Amino acid sequence: GDSVTQMEGPVTLSEEAFLTINCTYTATGYPSLFWYVQYPGEGLQLLLKATKADDKGSNKGFEATYRKETTSFHLEKGSVQVSDSAVYFCALSKGSGNTPLVFGKGTRLSVIA
Amino acid sequence: DAGVIQSPRHEVTEMGQEVTLRCKPISGHDYLFWYRQTMMRGLELLIYFNNNVPIDDSGMPEDRFSAKMPNASFSTLKIQPSEPRDSAVYFCASSFSGQGGETQYFGPGTRLLVL
């Protein structure tokens, strides 16, 4: 079945450091890919998405590119802030997107000043 | 818009009791999803609806779990009887089938503890 694998955490970085969280997927066809973020005690918020190969999703300084050849959707940010501390989930959905999300295990990021 | 609303936010109950979780999707959204988050299994789908009709309930753990969507603005997830292994955070999410509708919007979740 479809699955998402993302790097295990926790990840601890100093403020202004470069962030990469790896995500690879296994799926038939052409899924849509997402990064969701979960702040402490809150629900998941969409961070960015890409719906076809070579698309780049971006938001709040975060970027991820849909790479079909490597089945990857790695999340990057050039300079993290303390406020970026959260759990990040990579996810995919099939078809139109109004289908269930398949999530990775999540990566906890802590940014220290 | 108020976003997806879930209640209660926290629930503590004893094993064997009935638990009912509630969700109000974003107005105009025609898809509704129930997910469960645990440390062991991460986030997993329980059931989802389209236009109030259940489409896939294969993620519902067992007969103790049931979900309904009597109208477009309300859904319930019921556990009867509850067990300690049901302790988790339960999220409701909604989306719409129109252009750009592939984004699911999540509620704040209900944190359930079964003693």
Side-chain angles (χ1 to χ4, degrees), chain A residues 1-10 21 23 25 27 29-53 55 57-60 64 66 73 86-108, chain B residues 2-7 9-10 21 23-26 28-51 53-60 67 88-111:
Chain A
D2 301 336
S3 65
V4 174
T5 302
Q6 61 182 105
M7 61 187 287
E8 297 287 328
I21 301 178
C23 171
Y25 68 91
Y30 301 90
S32 296
L33 301 174
F34 305 82
W35 278 100
Y36 277 83
V37 58
Q38 184 178 29
Y39 298 102
E42 298 184 12
L44 281 75
Q45 302 174 26
L46 178 69
L47 181 59
L48 52 84
K49 66 183 179 184
T51 57
K52 61 182 187 296
D55 268 2
S58 62
N59 185 28
K60 300 180 181 179
Y66 190 143
F73 193 55
V87 180
Y88 292 81
F89 292 92
C90 185
L92 68 81
S93 72
K94 301 292 290 291
S96 67
N98 284 309
T99 51
L101 290 164
V102 175
F103 286 93
K105 293 288 190 183
T107 302
R108 182 176 299 278
Chain B
V4 176
I5 298 172
Q6 291 187 248
S7 63
R9 292 292 308 275
H10 302 273
L21 311 181
C23 175
K24 177 178 170 55
I26 293 172
H29 283 194
D30 52 351
Y31 282 83
L32 185 138
F33 304 81
W34 282 100
Y35 293 92
R36 180 171 67 175
Q37 183 180 36
T38 62
M39 290 293 291
M40 292 297 295
R41 299 174 65 89
L43 275 156
E44 53 185 353
L45 177 80
L46 297 176
I47 185 171
Y48 79 104
F49 297 82
N50 177 220
N51 290 324
V53 176
I55 303 302
D56 182 355
D57 66 354
S58 59
M60 296 285 265
V89 182
Y90 292 80
F91 289 105
C92 176
S94 69
S95 65
F96 69 97
S97 54
Q99 179 82 14
E102 60 271 352
T103 299
Q104 292 180 25
Y105 295 86
F106 282 74
T110 295
R111 187 174 297 273

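This structure is a prediction, so every number in the text was calculated from the model and none was measured. Residue numbers begin at 1 in each chain, while the letters A, B, ... track the order of the sequences.
- Defined by atom type and a distance below 3.5 Å, a donor-acceptor pair is missing between the side-chain atoms of Ser97(B) and Asn98(A).
- If you measure heavy-atom distances from Met40(B) to chain A, the contacts under 4.5 Å come from the backbone alone.
- For chain B, no part of Gln45(A) is nearby; none of its heavy atoms comes within less than 4.5 Å.
- For the atom pair CZ of Arg41(B) and NZ of Lys105(A), the computed distance is 8.0 Å after rounding to the nearest 0.5 Å.
- Side-chain contact check for Leu43(B) versus Leu44(A): some heavy-atom pair is nearer than 4.5 Å.
- Rounding to the nearest 0.5 angstrom, the gap separating the CD atom in Gln104(B) from the CG atom in Leu46(A) is 10.0 Å.
- No side-chain donor-acceptor contact under 3.5 Å links Tyr36(A) to the backbone of Phe106(B).
- The candidate from Gln37(B), Glu44(B), Arg111(B), Gln6(B) with the greatest count of non-hydrogen atom pairs under 4.5 Å with chain A is Gln37(B).
- From Tyr48(B), atom OH reaches atom OG1 of Thr99(A) across 6.5 Å, with rounding to the nearest 0.5 Å.
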